[in-house]
Amino acid sequence: MTAQTQPSDASLTRMRNYVERYRQKSGTSPHPNPDVTDAVVFGLASNVDEFGRPLCPCNYYPDKQAEVDASRRWFCACDEMKGYKYCHCLLLVTREGEPI
Ligand code: SF4
C-alpha cells in the first residue's frame, strides 16, 4: 500500500458503512485484526477524497487518475471480489479470518 493522506471523516464514515453493508450482502467477515480493516478503509477513504472513487488501496497504479478514468474494475468491491469472492486486501475474509 502506498502512503495516503488523512481522509475526511465523511469519507471514512461512508467507507465503513459501505464495508459493513457489503459484508452482510456477501456473507464475508471482518479480519480478526482490526488494524487490517482500519488500514484498508483508510486507504479507500483517501482515494474517495482524492479521486471521487473507492479505488482499491492495495494495488500499485503507475497513474491513479488514469486507472480511475480507465475502468471501474478496482473500485471496491472490485471485479475479483464480485466474481470470485477474493479480496486480496483481506478486508473481507471468511468467518475464520482466512482469505476467501
Ligand atoms: Fe475492495 Fe477488492 Fe480491494 Fe478487497 S481487493 S478492498 S474487495 S477493492
Side-chain angles (χ1 to χ4, degrees):
M1 202 179 306
T2 58
Q4 305 274 336
T5 54
Q6 174 66 40
S8 65
D9 288 345
S11 290
L12 280 170
T13 299
R14 174 181 159 187
M15 291 317 304
R16 284 194 191 107
N17 290 341
Y18 173 78
V19 169
E20 180 56 38
R21 282 195 310 273
Y22 196 84
R23 280 194 189 121
Q24 290 171 11
K25 181 174 134 182
S26 61
T28 55
S29 298
H31 193 279
N33 180 348
D35 289 349
V36 172
T37 299
D38 287 347
V40 179
V41 168
F42 185 101
L44 287 166
S46 287
N47 284 337
V48 167
D49 282 346
E50 200 171 348
F51 302 102
R53 299 292 182 169
L55 187 66
C56 183
C58 307
N59 289 331
Y60 169 72
Y61 311 97
D63 182 336
K64 279 190 179 183
Q65 187 63 60
E67 181 64 36
V68 168
D69 294 342
S71 83
R72 303 177 59 89
R73 70 182 167 154
W74 288 115
F75 296 173
C76 194
C78 62
D79 288 359
E80 286 188 5
M81 183 65 208
K82 289 177 185 159
Y84 308 108
K85 271 198 165 185
Y86 177 65
C87 171
H88 66 267
C89 295
L90 301 180
L91 179 67
L92 308 158
V93 296
T94 65
R95 221 172 6 179
E96 294 75 31
E98 300 293 331
I100 298 172

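Ligands are counted one by one from 1 in listed order, and the atoms in each one are counted from 1 as well. Any value given below was found using the heavy atoms of this structure, including those in side chains, with hydrogens, waters and symmetry copies removed.
Of the possible donor and acceptor atoms, none in the side chain of Arg53 sits under 3.5 Å from a partner among the backbone N and O of Trp74. Put simply, the side chain of Asp49 gets close to the backbone of Ser8: a donor and an acceptor are under 3.5 Å apart.
Only protein N, O or S atoms were considered, and those under 2.8 Å from atom 4 (Fe) of ligand 1 are Cys87 SG.
For Arg73, the salt bridge (Lys or Arg N to Asp or Glu O under 4.0 Å) partners two or more places apart in sequence, or in a different chain, are Glu67.
Between Cys58 and Cys89 the SG-SG gap is short of 2.5 angstrom.
Distance check, rounded to the nearest 0.5 Å: CE of Met81 to NE2 of His88 gives 12.0 Å.
Asp9 CG: 12 or fewer foreign heavy atoms inside a 6.0 Å radius.
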